[in-house]
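These notes concern the structure reproduced below.
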Amino acid sequence: MTDEPDLKPETLAAHGGRTPDAERGDVAPPLRPSTNYARDQDYRQIGGQGGYSRADSPSYPEIESLLARLEGGAGAMVFASGMAAATAVWLSLAPGDHVVLPKVVYWGLRDWLLQFAANWGLGVDLFDQGDPAALARALKPGATKLVWIESPCNPTWDVIDIAAAAEAAHGAGALLAVDSTVATPVLTQPIALGADLVFHSGTKYLNGHGDVMAGVLVTARADDFWAKLRDKRHRGGGVLGAFEAWLLQRGLRTLYLRVGRASESALAIARHFEGHPKLAAVLYPGLESHPGHAIAKRQMTGGFGGMLSLRMKGGAEGALEVARRVRIFVRATSLGGVESLIEHRASIEGPTSPVPADLLRLSIGIEDPQDLIADLEQALARAAEN
Ligand SMILES: *Cc1c(COP(=O)(O)O)cnc(C)c1O
């Protein structure tokens with residue numbers, strides 16, 4: 001079934017990228033935890049697969065071919081976490097290479113990269129993602145090997161024009177990698193817009209249930225750089241466990257339903273609270289007032305994602321007061337799960353964080369949106385009584 005070329009992504013995802021096993025007929029995928037696979041008496045590998053699962057896990061091919069098809073790529077790889085996938089990319093660059101990324105980017109990645117680059121001898125320049133001309137100024141033609149962007153980016157949900165970034169990167173001889181964790185393949189197709197590499201923290205929407213850490217890379221071409229990345233996983237060992245792969249495949253089956261619902265609810269919530277007297281701003285790329293709205297309308301299809309931020313009038317104290325009073329939203333980090341989360345990012349990122357102290361980040365889940373709106377309304381009302 002999944003070999004047919006014209007199937008829609010929703011259909012491919014619902015089937016988890018597989019057809020029932022021909023010999024035993026399992027409809028759900030079997031869990032295969034073995035780390036090693038036996039040879040026959042002629043010393044051939046039984047079952048035609050590799051012998052050791054750091055290099056060739058039988059838990060991966062269905063998930064990886066599904067992800068490659070959903071992203072329109074030539075291949076995909078799963079990793080033990082988003083950071084294991086991301087670090088494989090930077091480790092594949094050579095000392096002396098120059099790389100460029102936006103100032104607002106996943107903070108764990110920025111922190112790790114700045115330290116790694118200093119030790120490894122990579123040149124790094126950060127550009128202002130709010131200025132459309134800033135990326136071109138940061139590029140060093142010939143020296144820049146990789147541009148890494150994120151869109152929409154955390155937690156202001158600024159939108160970067162992926163097609164324009166691809167053109168600028170390629171013009172300087174660099175590859176473009178896109179962290180599409182927040183947009184997911186449901187809402188954005190970076191490879192069709194010119195990206196060379198797509199990254200996901202599979203911990204977020206792809207799995208979607210807050211119970212797996214995973215990372216994903218998808219490539220536009222099966223080229224030498226992709227071969228280097230494969231080597232980083234196989235020999236560096238950032239491999240996903242069999243049970244985690246099984247859960248990820250299970251989560252992927254409902255990806256389109258979950259992301260569609262979260263996007264619709266996030267838009268309803270953003271519209272409801274825009275202009276609310278107790279709020280300084282609602283940041284959501286689906287609102288006409290958002291600076292990235294025009295690009296988002298062009299590059300995101302079917303919705304603007306499940307992430308939004310609220311800026312409070314009472315500064316950090318006002319934000320924490322609201323977070324303290326919610327009843328349905330869970331006060332927790334991460335994003336992209338079935339339950340809605342609320343987080344005061346400035347408290348998490350610490351004093352060097354560029355995130356405004358009055359900002360609360362919301363990850364919208366799949367609950368009834370009216371319940372979520374009512375929860376935020378009661379928290380705002382009770383916070384104001386103090
Ligand atoms: C969580 C996250 C990462 C890191 O992924 P892990 O799975 O936590 O290692 C990278 N980018 C974005 C946008 C994320 O939200």
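Given the structure is predicted, the values throughout are model-derived calculations rather than measurements. All values below were derived from every heavy atom in this structure, side-chain atoms included, with hydrogens, water molecules and symmetry-related copies excluded. Atoms within each ligand, like the ligands themselves, are counted from 1 in listed order.
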Task: Atoms in ligand 1 flagged as close to L335, the criterion being non-hydrogen separation under 4.0 Å - done: 15 (O)
Task: Side-chain donor/acceptor of R233 to backbone N/O of F79, under 3.5 Å - done: no
Task: Nearest-neighbour protein heavy atom for atom 15 (O) of ligand 1, which is reported as residue plus atom name and distance - done: K204 NZ, 2.6 Å
Task: Shortest protein heavy-atom distance from atom 9 (O) of ligand 1, along with the residue and atom involved - done: M83 N, 2.8 Å
Open item on the list: Just to confirm my output: which protein heavy-atom neighbour is closest to atom 11 (N) of ligand 1, and how far is it?
Closed with: D179 OD2, 2.7 Å
TODO: Work out whether the distance between some heavy atom of V182 and some atom of ligand 1 is less than 4.0 Å.
DONE: no
TODO: Among all protein heavy atoms, pick out the one at the shortest distance from atom 8 (O) of ligand 1; state its residue, atom name and that distance to 0.1 Å.
DONE: M213 CE, 3.7 Å
Open item on the list: Using a 4.0 Å heavy-atom cut-off, which part of A214 comes near ligand 1: side chain, backbone, both, or neither?
Closed with: backbone
Open item on the list: Between S265 and A262 (side chain of the first, backbone of the second, donor and acceptor by atom type, cut-off under 3.5 Å), is there such a pair?
Closed with: no
Task: Those atoms of ligand 1 less than 4.0 Å from some heavy atom in E150 - done: 13 (C)
Open item on the list: So does F329 get a backbone contact from the side chain of S340, meaning a donor-acceptor N/O pair under 3.5 Å?
Closed with: no
Open item on the list: Just to check, does L109 reach to within less than 4.0 Å of ligand 1 when the distance is taken from its heavy atoms?
Closed with: no
TODO: Indicate yes or no: does an N/O atom of G202 lie under 3.5 Å from an N/O atom of ligand 1?
DONE: no
TODO: Show which atoms of ligand 1 fall inside a sub-4.0 Å distance from at least one heavy-atom site of F199.
DONE: 10 (C), 11 (N)
Open item on the list: How far is atom 4 (C) of ligand 1 from the closest protein heavy atom, and which atom is that?
Closed with: Y106 CE2, 3.4 Å
